[in-house]
There are 2 protein chains.
Amino acid sequence: MGVLTKIREAKTEPKVTLPVGQILDGDCVEAMRSLPDASVDLVFADPPYNLQLGGDLNRPDGSHVDAVTNDWDKFDSFAIYDQFTRDWLTEARRVLKPDGALWVIGSYHNIYRVGAILQDLGFWLLNDIVWRKSNPMPNFRGTRFTNAHETLLWASMGEKARYHFNYTAMKTLNDELQMRSDWVIPICNGGERLKRDGHKVHPTQKPEALLYRVLLATTDKNDIVLDPFFGTGTTGAVAKRLGRQWIGCERDGSYRDAAWERIESALPLDESALATMQSRKSAPRVAFGSLVEAGMIAPGTELFDKKRQYSAKVRADGSLESGTEKGSIHGVGKVLQGAPSCNGWTFWHLEHEGATKPLDALRQTYLLSIED
Amino acid sequence: MGVLTKIREAKTEPKVTLPVGQILDGDCVEAMRSLPDASVDLVFADPPYNLQLGGDLNRPDGSHVDAVTNDWDKFDSFAIYDQFTRDWLTEARRVLKPDGALWVIGSYHNIYRVGAILQDLGFWLLNDIVWRKSNPMPNFRGTRFTNAHETLLWASMGEKARYHFNYTAMKTLNDELQMRSDWVIPICNGGERLKRDGHKVHPTQKPEALLYRVLLATTDKNDIVLDPFFGTGTTGAVAKRLGRQWIGCERDGSYRDAAWERIESALPLDESALATMQSRKSAPRVAFGSLVEAGMIAPGTELFDKKRQYSAKVRADGSLESGTEKGSIHGVGKVLQGAPSCNGWTFWHLEHEGATKPLDALRQTYLLSIED
DNA sequence: GAGGACACTGAATCGGTAT
DNA sequence: CATACCGATTCAGTGTCCT
């Protein structure tokens, strides 16, 4: 590649060339120093998360979890991580045009530090976006909530700065509803996941659908996108597909090689690719506990079947209790009847507003209340 | 109300009384100073977000920042907010027990500052939780993504600190799937929304379903919950319903009045409704040898895994023997598989009354037989 | 080929108690 | 303080192999 693009700086500065379509070798702060002021439209950054993992972790079946143990994710303290963050954000700010914008992705380990520093440097937060993973890794030890999301920050250059937002494109992508700040996107696996000798090339490759939405929302055709932590080049591949120009920084040669191979084989956008990016809507699953939480069914409520042969009492966590039997609405119904299975939603009834109703009626009401 | 609960501090300190079931008047930092060290189990905090709203700038204590004489800018406002955050978090940390925990809710305006300061003070993030609003306010001007979520941080007192998590109750509440870090809960409106003369009493009243999940997940019955920004008392109302003790701080008299009225009309749950599914962790421990002693398993019985790849013989003392390998049900299973660990109760099976059963089934039978 | 059983995997801050 | 030992714990998806 190596296409050099001429840009004209503000006022009457001499023309400068930008290394568009190139992966700059080396530390991203050093690499960005070679770029002129106010020259790129968007920065997308996926910095190390500073995970601070302890010992090994095994799944309940005894298999080993292949965690992120790379040296590039190790920092000795928050202070050192903060300095690293200030350094690259400062340089990113310098190369951004006044109406440019910045995206950073992170997890709870690092994103609060990044967000605060970003604000301290004068960036202006426009949204925080939640990437809700449809298939996250479970919490194998049952010690916390399943960590099922990551966070993206989108910021302009300052409170009064202008920025680009393709409102209509987002609304179209979201079935004519305003795009929300929570995005449901699967993690990167299957054919999209880059592998070498059967092993993943990069431990934290991001899904292209995520970059697709970011670039479609906040850049225009031919805009220049800089990714200081290029990795295996997801940003470059999607930029090429969407007709955006890109610059990457990456110090790991094997990542750069994989990125080149990938970007060269990336095809410019066609309609079929667009279709696969559309979010598919499916009916939300409702847990019985949600109805209890929402106050639609009080703990202590008596449930019974249509013939009033059986009864059970609702408990605080959404489980049922009937004699010595305890469990879910389905499980308790099944055991009481001695049946092979039971749909608790249709089996159990309650007195509601003077009438006898199956639980399913309340589920419908709840679904309406949480509809977008 | 005004029930005073006696607590005993660590070591041999004199007994101290806690203002349980009370709303402390005044600034929360001052109010918390009246509480003893290490005395509460949980802090839930919904601090003011009032940053960057344009126009007038108020300090979190309500005093007005004079734009002309103070020559404030966003850096000043962040610095003021940071100091306020450090102050109340420090005091909250002091009154928390060593195995207590803290929750804070916020939006992108303030949560990155809160999160970073929390980490700086030594709190250890356990999860960040996304409250995904099912019915958020749209972005009327079409300039950004619809801001459809808020963020909650859950933190323990430190990296090595213990904390409470009712894993099984959460799993039950979510229809037998692990509870994830993204929670879909409607915003507070309808009958739950407190109104006076047709206007909402508090601008940011939180839904009770949110507090319900927080308290059910991370407190036990009778635990003491402190809310430094009590507002109209959602925390107190849900705590009362769930049989938790509460303390509030609120400087606004009209909010305190509304909170009192609301909490007094809240109905506590009865004992059986309050019950939740208990994890097996809390069941009394049974030694495998006890089953042999009790005659439920005869020495010499052949055990095998589900696939019948391995087998072992039970010995008189409740140990297993397989080839040259001898030891506990866990130890032998672990060595045979070459696994990092093994739960012998679920790994080993035997023929019992014509069927193949895991040892765990016999443990359950034994547990029932020794119940009082 | 279709379908079922099974294996494998993903940015993970993933024990508690007794000695 | 470390060490030993007990024993609790997973969801969605892809790929492979076998029937």
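Sequence lines set the chain letters: A, B, ... in the order given, protein chains first and strands last, and positions in each chain run from 1.
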Within 45 degrees of the ring normal and closer than 6.0 Å to the centroid, is that where the cationic atom of B:Arg93 sits relative to B:Phe123?
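Yes, a cation-pi geometry.
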Whether A:Arg132 engages the ring of A:Trp183 as a cation-pi pair (distance to the six-membered ring centre under 6.0 angstrom, angle to the ring normal within 45°) should be assessed.
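Here A:Arg132 fails the 6.0 Å and 45° test against A:Trp183.
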Can a side-chain donor-acceptor contact be found between B:Thr151 and B:Trp131 if the only test is distance below 3.5 angstrom?
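Their side chains do not contain a donor-acceptor pair, so the 3.5 Å distance test is not met.
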Checking A:Asp66 against A:His199: is there a side-chain donor and acceptor pair closer than 3.5 Å?
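Side chains of A:His199 and A:Asp66: no pair found under 3.5 Å.
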If the plane angle is over 60° it's perpendicular, under 30° parallel, otherwise tilted; pick one for [X] and [Y].
X: B:Phe288; Y: B:Trp345; answer: perpendicular
X: B:Phe304; Y: B:His349; answer: parallel
X: A:His202; Y: A:Tyr255; answer: tilted
X: A:Tyr112; Y: B:Tyr112; answer: parallel

So, OP1 or OP2 of D:dC6: does either fall under 4.0 Å of a side-chain N or O from B:His330?
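Checking D:dC6 against B:His330, no side-chain N or O comes under 4.0 Å of OP1 or OP2.
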Distance test, side-chain N/O of A:Tyr108 to OP1/OP2 of C:dT13, below 4.0 Å:
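So the side chain of A:Tyr108 is within the cut-off, an N or O lying under 4.0 Å from OP1 or OP2 of C:dT13.
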Pick base, sugar-phosphate or nothing for A:Gly191, based on heavy-atom distances below 4.0 Å to the nucleic acid.
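Sugar-phosphate contact only.
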With sugar-phosphate meaning primed atoms plus P, OP1 and OP2, does A:Thr204 contact a base, only sugar-phosphate, or nothing at under 4.0 Å between heavy atoms?
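Contact class for A:Thr204: base.
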Can you tell me how far C1' in C:dG1 sits from the matching atom in D:dC18, rounded to whole Å?
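Each nucleotide's C1' atom is 13 Å from the other's.
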Span that lies between the C1' atom of D:dT10 and that of C:dT9, in whole angstrom:
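Straight-line distance between the two C1' atoms is 12 Å.
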Given the side-chain rings of B:Tyr310 and B:Trp348, with only the six-membered ring counted for Trp, is the space between their centroids under 6.0 Å?
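Distance test on ring centres: not under 6.0 Å, no.
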What I want to check is whether an N or O donor and acceptor connect the side chain of A:Lys206 with the base of C:dA11 at under 3.5 Å.
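Yes, a donor-acceptor pair under 3.5 Å.
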Counting only side-chain heavy atoms from C-beta out, which of C:dT13, C:dA12, C:dC14 sits nearest to A:Thr143?
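The answer is C:dC14, which lies nearest to the side chain.
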Hey, where does DNA chain D pair up into stems, meaning at least three consecutive Watson-Crick or G-U pairs with distances under 3.5 Å?
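Stems (3+ consecutive pairs) listed as C:2-10 with D:11-19, C:15-19 with D:2-6.
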Every protein N/O lying under 3.5 Å from an N/O of nucleotides 8-13 of chain D:
residue, atom, partner, partner atom, Å
D:dA8, OP2, B:Arg280, NH2, 3.4
D:dA8, OP2, B:Arg363, NH2, 2.8
D:dA8, N6, B:Ser341, OG, 3.1
D:dT9, O3', B:Tyr167, OH, 3.3
D:dT9, O2, A:Phe140, O, 3.1
D:dT10, OP1, B:Tyr167, OH, 2.6
D:dT10, OP1, B:Lys171, NZ, 2.5
D:dC11, OP1, B:Gln178, N, 2.9

Under 4.5 Å between any side-chain heavy atoms of A:Val68 and A:Asn70, yes or no?
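They are in contact (side-chain heavy atoms under 4.5 Å apart), so the answer is yes.
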Mapping A:Asn50 and A:Cys188 to their closest nucleotides on DNA chain C, which lands nearer the 5' end?
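Per heavy-atom nearest nucleotide, the more 5' residue is A:Cys188.
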N/O to N/O distances under 3.5 Å, protein versus nucleotides 4-6 of chain C:
none

After noting the C-alpha distance and the side-chain angles of A:Asp227 and A:Thr235, does the key distance pass the side-chain hydrogen bond (donor to acceptor under 3.5 Å, both in side chains) rule?
CA-CA 7 Å; A:Asp227 185 339; A:Thr235 303; 2.6 Å; yes
Name the orientation of the base relative to the sugar in D:dT14: syn if the glycosidic angle is within 90° of 0, else anti.
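Nucleotide D:dT14 adopts anti.
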Round to a whole Å and report the spacing from NZ of A:Lys195 to P of C:dC8.
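For the pair A:Lys195 NZ and C:dC8 P, the rounded distance is 13 Å.
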